[in-house]
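The first residue in the sequence is number 1, and the count goes up from there.
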Amino acid sequence: MEAARCLHELSHSSDPAVAEACLPVTSYLLTYLSGHSVEFTELCLYTLGNLVVESEAVRKQLLPQGIIPVLASCIQSPHEAVLEGLGYVLSQLLQAKEAPAEIVPLVLDSVLPQHMLRLVCSGLKAGTGAAVEFAWCLHYIVCSHIADAALLSLGTLPALTTLLLDLASEIPLDAPEGLELLVCPVLRCLSNLLAGDTGCQGQIRDERLLVALFLILQSFLQQHPFIVQEGLWLLNNLTADEPFFCSALLALDLLPALLQLLPCSPMAAALVLTVLCNIAEKGPALCRQLHQALPLLLPALALPDPQAVGQGLELLHLLFLHCPEVAADFMRQGGQQALEQHQSSPVLQERARALLDMARQPPGASTAGPGHSTVSAFP
């Protein structure tokens, strides 16, 4: 045990030469993972995790030594400490530059993905530490862009959707400390799976997901504002190509809650306006319902962030296009001055001028433009 502790201390070094000096012991570390001491197994796992971070040579040696089958055996351990350590090792492996070509295929051919999904989804009942590690593992697998079909076949989308519903129901009650650490990778997994060209939105066509998402955003807004951006990325990908979620957001009267997120940050403002563009792009009926958001668009056009203002201009274009009465109302509310302030901007001047021209045209004279729904993925 003392020798293992010394090796663990060495593994913390950021010098790749130190990790490579430990190459002769990697096979022993793997063998010890099948032992009966929880403390010793945990120590070996974290030592392996530290070594694979710093050295490609260690990773190259561990793969033929069978680290993936060994981890697949360990993942059925009943001990939370072992599972959390295993998740740490796996997450470090999956972040390696060679992971998509050399590591992810081995993981997909094992029983690891189904057990990872099970452990992530039991995070509220068991300890959240292991669930957080395995949620990030799933995220890294999704980001490899070679695993979407395999993960979807396991029911990952509906499973993670159900987990979000459960998380949202826990938040007002007695949510465990650090719950935001689990929410973040779960949101990213869902966002990136939806960003893939899989046509999988139909697997989660459940309006309760929108309610849960807004509950989570409102609950974490003050103490953990980074969750807002994560949630808005998911909302963007839900609404980009799926009229169901666009209609549901308005039918559930969630528009006021969405608009309240505009001031959170420049990125949040841009994402809120992108979601509104996704809705407006679906046509006149939804544009008429978005008419009520018009008073909040004027201050959005004065934001210092060009990306947010650009999305605001795109939203106005879609509203004017599909619902010409919005243009007249916008001009009555001081829209001309709001647009004219951008006529000196090299980035925005042409779009602002085009919108002024649209607003001054008689009803029915506008010409159609392209749709601009954008599905986005987190790296």
Side-chain angles (χ1 to χ4, degrees), residues 201 210 232-233 235-259 261-262 266 268-303 305-376:
Q201 287 90 342
L210 293 177
L232 287 172
W233 276 113
L235 188 60
N236 173 52
N237 289 355
L238 285 170
T239 55
D241 294 313
E242 182 51 74
F244 172 84
F245 286 109
C246 296
S247 299
L249 189 148
L250 296 175
L252 293 168
D253 198 25
L254 294 172
L255 182 59
L258 177 62
L259 294 172
L261 300 175
L262 268 172
L271 286 168
V272 167
L273 292 165
T274 302
V275 170
L276 293 175
C277 285
N278 291 344
I279 297 172
E281 195 265 338
K282 303 303 184 290
L286 297 188
C287 282
R288 281 191 285 272
Q289 294 183 65
L290 286 178
H291 196 158
Q292 62 179 291
L294 198 56
L296 286 166
L297 275 183
L298 287 170
L301 294 179
L303 291 169
D305 179 52
Q307 184 183 3
V309 175
Q311 286 302 115
L313 296 178
E314 178 58 32
L315 176 58
L316 283 175
H317 170 257
L318 290 166
L319 291 173
F320 291 2
L321 185 66
H322 293 300
C323 196
E325 60 267 29
V326 173
D329 199 10
F330 178 74
M331 297 296 275
R332 281 194 296 270
Q333 294 182 28
Q336 180 170 337
Q337 292 80 3
L339 291 174
E340 285 176 345
Q341 67 182 317
H342 298 297
Q343 287 192 315
S344 59
S345 164
V347 178
L348 302 170
Q349 60 183 353
E350 289 187 15
R351 298 165 72 184
R353 191 176 300 118
L355 283 169
L356 281 169
D357 291 342
M358 283 183 76
R360 291 167 180 153
Q361 286 177 357
S366 297
T367 56
H372 292 269
S373 296
T374 304
V375 181
S376 305

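Separating the CG atom in Leu318 from the CG atom in Leu286 is a distance of 11.5 Å, to the nearest 0.5 Å. Expressed to the nearest 0.5 Å, how far CG of Leu297 lies from CG of Leu315 amounts to 5.0 Å. Atom CZ of residue Arg351 and atom NE2 of residue His317 lie 9.5 Å apart, to the nearest 0.5 angstrom. Between Leu348 atom CG and Gln341 atom CD the span is 9.5 Å, to the nearest 0.5 Å. Here Glu314 contributes atom CD and Leu273 contributes atom CG; the two are 11.0 Å apart, rounded to the nearest 0.5 Å. The CG atom of Asp241 sits 8.5 Å away from atom CD of Glu281, with the distance rounded to the nearest 0.5 Å.
With Lys282 contributing its side chain and Thr239 its backbone, the two residues share a donor-acceptor pair below 3.5 Å.
Contact between Leu232 and Val272 at its shortest, heavy atoms only, is CD1-CG2, 3.9 Å. In terms of heavy-atom proximity, His322 sits nearest to Cys287 at CB-SG, 3.6 Å. The two atoms that bring Leu298 and Ala338 nearest to each other are CD2-CB, 3.7 Å, heavy atoms only. Closest approach of Leu262 and Ala269 over heavy atoms only: O-CB, 3.3 Å. In this structure, Ala308 and Leu303 approach most closely via the heavy-atom pair CB-CD1, 3.9 Å. Nearest heavy-atom pair across Asn278 and Cys246 is O-SG, 3.9 Å.
Partners of Asp329 according to the side-chain hydrogen bond (donor to acceptor under 3.5 Å, both in side chains) rule, which considers only residues two or more places apart in sequence or in another chain, are His291, Gln333.
Considering only heavy atoms from C-beta on, Met331 comes within 4.5 Å of Leu356 through its side chain. Counting only heavy atoms from C-beta outward, the side chains of Gln311 and Cys277 approach each other to under 4.5 Å. Leu258 places a side-chain heavy atom less than 4.5 Å from the side chain of Leu276.
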Inset, instruction - Might you work through the side-chain contact (heavy atoms from CB on, under 4.5 Å) test for Phe330 and Leu339, ending with a clear yes or no? - result: CA-CA 10 Å; Phe330 178 74; Leu339 291 174; 3.7 Å; yes
Inset, instruction - Check the pair Leu238 / Leu249 against side-chain contact (heavy atoms from CB on, under 4.5 Å), numbers first and verdict last. - result: CA-CA 10 Å; Leu238 285 170; Leu249 189 148; over 6 Å; no
Inset, instruction - Decide side-chain contact (heavy atoms from CB on, under 4.5 Å) for Leu316 and Leu294; before the verdict, give the C-alpha distance in whole Å, the side-chain angles of both, and the deciding distance to 0.1 Å. - result: CA-CA 9 Å; Leu316 283 175; Leu294 198 56; 4.2 Å; yes
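The environment of CD in Glu350 is sparse: at most 12 heavy-atom neighbours from other residues, nucleotides or ligands sit within 6.0 Å.
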